[in-house]
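First the structure, in the form of structure tokens, and then the observations on it.
Note: hydrogens, waters and symmetry copies are ignored here, and every other heavy atom, side chains too, is used. Source: prediction; values computed, not measured.
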Amino acid sequence: VSDAEPTDDDLVLALGTHSQPALAEIYRRHGGAVWAVARRVCRDTHLAEDVTQNVFVELWTRPERFDAARASLRSWLLTQAHGRAVDLVRSESSRRRRQERDGRMTADRAELETTIYADELADDVRRAVESLPAAERQPILLAYFGGHTYREAAEMLGQPEGTVKSRIRSGLGALRRALEAEGARP
Amino acid sequence: VSVSDQHPHDDLAVYALDALDGDGRTALEAHVAACGACRAELADHRRTLALVVREEAPPPGAWDAIVRRVRASTNGHGHLPVRPTPADLRTVPDLFGVGRGDTSAPGPFARIGPAAPARPRNGTSLHGVSGSGPPGPAPLRDLAPVTATGPPAPAPVGPDGPPPAGRWRSGRTGPPRRAGGGRRRALVGFGAAATVAVALGLAGVRVGGSGGDPTVAEQAAAALDDPDATVVALASTMDGDPAARYVVDGSDAYVVVDDLVPLDGARTYQLWELGDGGPTSLGVLGSGVEVVAVERATGGGDLAISEEPAGGSVSPTGTVVAGGLYAGGLHTG
């Protein structure tokens with residue numbers, strides 16, 4: 001193919017030779033998604049910018065940590081971004097949570113949060129998410145966008161922890177099928 | 001539940017959401033490390049979650065901040081010269097800890113704050129050529145004749161020199177789009193079948209020889225004065241007038257801009273060596289007013305300067321604005 005575009009994996013290989021254009025191209029392809037997940041979770045542009053920077057600087061510094069056999073680059077970058085964002089949010093909110101524990105973990109709070117998170121989704125993704133039963137949709141949104149642990153989600157929803165776990169699992173499977181039905185593409 | 005014949009399916013899903021904590025998380029990670037089936041299942045969940053994210057344009061300063069930190073990691077070695085150029089980025093990066101940010105900032109329901117303030121670009125003007133070019137781009141020779149069929153690359157523009165033109169959508173409406181093959185085209189006539197390795201410019205690692213005190217502009221000026229240096233005139237493809245000079249002095253190389261149209265922050269000039277194997281990046285030149293250190297060309301052949309999205313491209317995508325013949329080791333200047 002005469003105009004073959006370098007694949008993501010090619011670009012990561014080029015990072016091994018310290019190619020800034022390769023990093024720029026990776027940023028062009030995935031920076032918007034990394035930023036988006038960081039901002040959704042952090043709810044703060046400064047924290048989200050820190051997360052975004054850290055993800056790409058880390059990729060530059062240690063490109064060998066990405067294993068193309070295990071994940072796509074996009075999925076891996078988003079996993080990095082989400083993990084870092086959740087760490088930031090938890091370290092902050094754990095302090096506050098001790099103070100407001102009683103007032104915080106309520107079903108109303110869960111309802112409010114999940115409504116907000118769903119409203120922020122792209123149309124096709126929102127349709128897919130809203131096709132799930134609330135019992136599956138809510139813990140997934142609370143965990144992924146709210147940065148809550150499954151225990152917190154269970155507390156907020158007033159459900160046993162084991163039940164919430166299994167609903168997260170069944171919900172993720174249903175979500176994948178619903179997204180496929182919507183034709184969602186990265 | 002980590003019995004060998006029973007995989008922790010529920011925990012895998014929870015872990016994919018980063019919602020597993022404490023001992024459960026530790027146990028799950030230990031299991032996943034040893035279980036290929038669970039790694040695959042976890043990857044499936046993460047693929048699903050990657051589809052949930054709606055892309056947004058990052059703040060204009062985010063990319064510049066990344067570049068600054070990448071440079072800082074390089075300079076941290078001490079023995080590498082401080083050069084405000086992308087060529088530095090080919091030197092061996094330092095391994096440094098990644099900061100975790102300010103954890104005292106607002107939590108999950110904090111108001112979305114304003115973007116970080118713009119910061120000035122660094123860069124040095126040697127001969128005061130800033131603004132000397134004619135207004136507006138006037139490409140004569142477009143080596144990517146089919147780019148008109150590609151989707152536009154929306155580029156969030158800011159005073160700080162924004163991130164590279166993004167493929168994300170800046171608005172809230174419209175379907176997610178993965179802008180693909182339309183934008184990137186082969187450089188027709190210059191070895192279009194270039195291998196990726198060559199197109200990415202895998203020149204040798206370059207460690208400059210100076211102590212780091214002189215600025216790039218001073219180093220380039222000294223190189224121009226050196227009778228042993230090679231100077232290649234890069235002529236404008238529009239009118240043939242001198243646009244820039246490529247100066248090779250020993251193991252160092254620079255581009256001194258004479259007359260290029262200054263670009264806005266969303267674009268950059270980039271220098272290419274057009275060898276037999278296809279175009280190789282010699283360095284990102286910035287907006288057209290800086291003197292920059294670049295890679296030394298590896299052989300005789302054409303040099304070209306093209307316009308690219310900020311941050312540079314892995315292979316030429318934009319209009320070639322200037323070019324010249326580099327005669328290898330011959331002294332042409």
Report task. Not counting sequence neighbours, which residues clear ring-ring contact (aromatic ring centres under 6.0 Å, His included) with B:His45? List them please. Result -> none
Report summary line: Applying ring-ring contact (aromatic ring centres under 6.0 Å, His included) to A:Tyr144 and not counting sequence neighbours gives A:His82
Requested in this report: Go through the atoms of A:Leu142 and report whether side chain, backbone, both or neither lie under 4.5 Å from a heavy atom of chain B.
Outcome: neither
Query raised in the report: Under 3.5 Å, is there a donor-acceptor pair linking the side chains of B:Ser313 and A:Glu25?
Result: no
**Report entry** Among A:Ala85, A:Ser166, A:Ala71, residue most engaged with chain B (heavy-atom pairs, under 4.5 Å)
**Finding:** A:Ser166
Requested in this report: Output the option from B:Ala13, B:Ala16, B:Ala19, B:Gly24 having the highest count of non-hydrogen pairs under 4.5 Å with chain A.
Outcome: B:Ala19
**Report entry** Toward chain A, the part of B:Arg46 with a non-hydrogen atom under 4.5 Å
**Finding:** both
Query raised in the report: Non-hydrogen atoms of chain A under 4.5 Å away: do they reach the side chain of B:Val52, the backbone, both or neither?
Result: both
Query - Leading residue by heavy atom contact count with chain B [cutoff under 4.5 Å; candidates A:Leu179, A:Thr79, A:Val37, A:Leu175] - result: A:Thr79
Query - Pair A:Glu5 + A:Arg29: basic N to acidic O under 4.0 Å - result: yes
Query raised in the report: Any luck finding a side-chain donor-acceptor pair between B:Glu41 and B:His9 under 3.5 Å?
Result: yes
Query raised in the report: With a cut-off of 6.0 Å (strictly less than), are more than 12 heavy atoms of other residues, nucleotides or ligands near CG of A:Asp67?
Result: yes
Query raised in the report: Which residue out of B:Leu12, B:Leu42, B:Thr268, B:Leu49 racks up the most heavy-atom pairs below 4.5 Å with chain A?
Result: B:Leu49
Query - Contact class of A:Ile168 relative to chain B, heavy atoms under 4.5 angstrom - result: both
